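Presented below is the structure to which this report refers.
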Protein chains: 2
Amino acid sequence: MSIIRNFDKKLRSVGLRPTRQRLDICEVLFDRKETFHFTIDDLRKILKTKLHTKISIATIYNTINSFKHKGYIKEISLNSEKTYFDTNVTNHHHFYNETTNELIDFHDSDVEQLKLRKNLPGKKIKSIEVLVKVANK
Amino acid sequence: MSIIRNFDKKLRSVGLRPTRQRLDICEVLFDRKETFHFTIDDLRKILKTKLHTKISIATIYNTINSFKHKGYIKEISLNSEKTYFDTNVTNHHHFYNETTNELIDFHDSDVEQLKLRKNLPGKKIKSIEVLVKVANK
DNA sequence: AAGCACTTTAGAATCGTTCTAATATATTGA
DNA sequence: TCAATATATTAGAACGATTCTAAAGTGCTT
Ligand SMILES: [Mn+2]
Ligand SMILES: [Mn+2]
Ligand SMILES: [Zn+2]
Ligand SMILES: [Zn+2]
């Protein structure tokens, strides 16, 4: 299957061996149209119930940390209750719905160009990200 | 001293008894010109070394959680490593310097008015906050 | 001052995450 | 191909931040 092939290549390209565990996790994370926002527990449940695959919790953490270091996913800061990861590693903005706990990306086209008025001598901007919290009316 | 009087009032006004522990914590948090961004551990160290006051860690957590619920401080989401609190409870933006770990507020005047292009039918906007990560050049 | 409510406290418990070290699997190259 | 070597997985222990428990202390009301 070409997806598996692709994940195989993807993993090898950053020096990770394509083990069953890593391929299974790739399938959950990347075999989808939309950006995926998830917690370790979300991932663990999906692996168990949808993929019927058993991966130890240590390996799930190891793999997610490797993927993060390799730039396949990034961590996002929403609140201190849960640690979220995001398969969209670009610099982008989020809507967080506090009623439903849904987290969705929004794109540059959804917001007017953010312009800083402040000068930052001797500093380099690494990222500019907006978090919009909403609730159902 | 009028500051103490003020903290006394401040606490009473939301139904908290002005105990020594709460007054000491108020002094660290609010007896300053600038917004204070801190972790529980920062606070604990300041109480010990600057104020020479001993407060149990359970009380520090209890008090900070009370203050948060009463709207005296808010929690801010920077990263998943540490939990930060902020004495500026208004909706505002931050610069985080990854080199020095400094976190500073920036004000509406430092950024052009943020305009969302997206319509959000049935939703109410609770907050819009920007996090700018910078590093020293 | 007595009585009651609230607060503080030490230490235990909890929970997410990382570590350890034994076992298993993948890769290399003779 | 198949041993040797490197890397990965795993269960369970350890860790660290935070919360809980329940006993002792303090503040408020009358
Ligand atoms: Mn991490
Ligand atoms: Mn909290
Ligand atoms: Zn995203
Ligand atoms: Zn702030």
Side-chain angles (χ1 to χ4, degrees), chain A residues 4-5 7-28 37-48 51-70 72-85 101, chain B residues 4-5 7-28 38-48 51-70 72-85:
Chain A
I4 300 294
R5 283 282 71 135
F7 293 152
D8 192 292
K9 260 190 200 139
K10 184 175 174 129
L11 291 169
R12 282 185 202 283
S13 74
V14 295
L16 295 173
R17 289 179 178 175
T19 60
R20 177 189 58 83
Q21 290 83 349
R22 286 172 180 160
L23 289 167
D24 284 348
I25 291 175
C26 278
E27 206 176 320
V28 175
H37 299 105
F38 65 98
T39 64
I40 293 288
D41 197 55
D42 293 336
L43 175 56
R44 200 188 45 71
K45 286 202 182 90
I46 294 171
L47 287 164
K48 185 155 66 176
L51 254 69
H52 304 286
T53 188
K54 169 69 173 55
I55 307 183
S56 79
I57 191 67
T59 296
I60 294 175
Y61 276 103
N62 288 343
T63 301
I64 288 303
N65 285 331
S66 297
F67 285 7
K68 183 175 142 194
H69 290 131
K70 298 301 184 178
Y72 288 171
I73 59 179
K74 68 172 181 175
E75 207 172 314
I76 54 184
S77 304
L78 255 197
N79 59 49
S80 61
E81 323 298 303
K82 285 180 173 180
T83 299
Y84 284 87
F85 296 90
N101 292 318
Chain B
I4 300 293
R5 284 281 74 133
F7 293 150
D8 194 291
K9 260 191 200 137
K10 184 175 173 127
L11 291 169
R12 283 183 202 285
S13 74
V14 295
L16 295 173
R17 289 180 179 172
T19 61
R20 177 189 58 84
Q21 291 84 347
R22 285 172 181 158
L23 290 167
D24 284 348
I25 290 175
C26 278
E27 206 176 319
V28 175
F38 63 99
T39 64
I40 293 288
D41 197 55
D42 293 337
L43 175 56
R44 198 186 47 70
K45 288 201 180 90
I46 293 171
L47 287 164
K48 186 156 66 177
L51 255 71
H52 304 285
T53 189
K54 170 67 173 57
I55 308 183
S56 79
I57 192 67
T59 298
I60 294 175
Y61 276 104
N62 288 344
T63 303
I64 288 304
N65 285 331
S66 297
F67 285 6
K68 182 176 142 192
H69 291 130
K70 297 301 186 180
Y72 287 171
I73 59 178
K74 69 172 179 175
E75 206 173 313
I76 54 184
S77 303
L78 254 197
N79 60 48
S80 61
E81 323 298 305
K82 286 179 171 180
T83 299
Y84 284 85
F85 297 91

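Numbers restart at 1 for each chain; the letters A, B, ... are given by sequence-line order, proteins then strands. Just so we're clear, the structure is a prediction, and the values are computed from it rather than from any experiment.
In this structure, the nucleotide among C:dT7, C:dG16, D:dT10 sitting nearest to the side chain of A:Y61 is C:dG16.
Residues meeting the side-chain contact (heavy atoms from CB on, under 4.5 Å) test with A:T59, sequence neighbours left out: A:Q21, A:I55, A:S56, A:T63. Legend: residues meeting side chain to side chain donor-acceptor pair (under 3.5 Å) with A:K70, ordered by chain and number and at least two apart, are absent. Evaluation of the side chain to side chain donor-acceptor pair (under 3.5 Å) rule for B:K82 yields no partner, not counting sequence neighbours. In this structure A:D41 satisfies the side chain to side chain donor-acceptor pair (under 3.5 Å) test together with A:R44, A:K45, sequence neighbours excluded. Remark: B:T53 engages B:R20, B:D24 in a side chain to side chain donor-acceptor pair (under 3.5 Å) (not counting sequence neighbours). Considering only residues two or more places apart in sequence or on other chains, A:Y72 meets the ring-ring contact (aromatic ring centres under 6.0 Å, His included) condition with A:F67. Contacts of B:K48 classified as salt bridge (charged side-chain N to carboxylate O under 4.0 Å, His left out), with partners at least two apart in sequence or in another chain: none.
In this structure, A:T59 reaches the D:dT10 phosphate: one of its side-chain N or O atoms is under 4.0 Å from OP1 or OP2. Checking the phosphate oxygens (OP1, OP2) of C:dT17, a side-chain nitrogen or oxygen of A:T83 falls inside 4.0 Å. A:Q21 has no side-chain polar atom (N or O) that falls below the 4.0 Å cut-off from OP1 or OP2 of C:dT25. The side chain of B:N65 places an N or O atom within less than 4.0 Å of a non-bridging phosphate oxygen (OP1 or OP2) of D:dT19.
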Please list each protein N or O that sits under 3.5 Å from an N or O in nucleotides 22-30 of chain D, with the distance.
from, atom 1, to, atom 2, distance (Å)
D:dC28, OP1, B:R12, NH1, 3.1

Set out, line by line, the N/O atom pairs under 3.5 Å between protein and nucleotides 11-15 of chain C.
none

For nucleotides 21-24 of chain C, tabulate all protein N/O to nucleotide N/O atom pairs closer than 3.5 Å, reporting atom names and distance.
none

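Note on B:D41: nothing from the nucleic acid sits closer than 4.0 angstrom, heavy atoms only. A:K54 comes within 4.0 angstrom of the backbone, heavy atoms only, and of no base.
In this structure, B:K82 places its NZ atom 17 Å from C1' of C:dT17, rounding to the nearest Å. Remark: C1' of D:dT9 and CZ of A:R44 are 17 Å apart, rounded to the nearest angstrom. When the C1' atom of C:dT27 is taken as reference, atom CG of A:D8 falls 13 Å away, rounded to whole Å. If you measure from atom CG of A:L16 to atom C1' of D:dT7, you get 11 Å, rounded to the nearest angstrom. The nearest whole Å value for the distance from the NZ atom in A:K70 to the C1' atom in D:dA8 is 14 Å.
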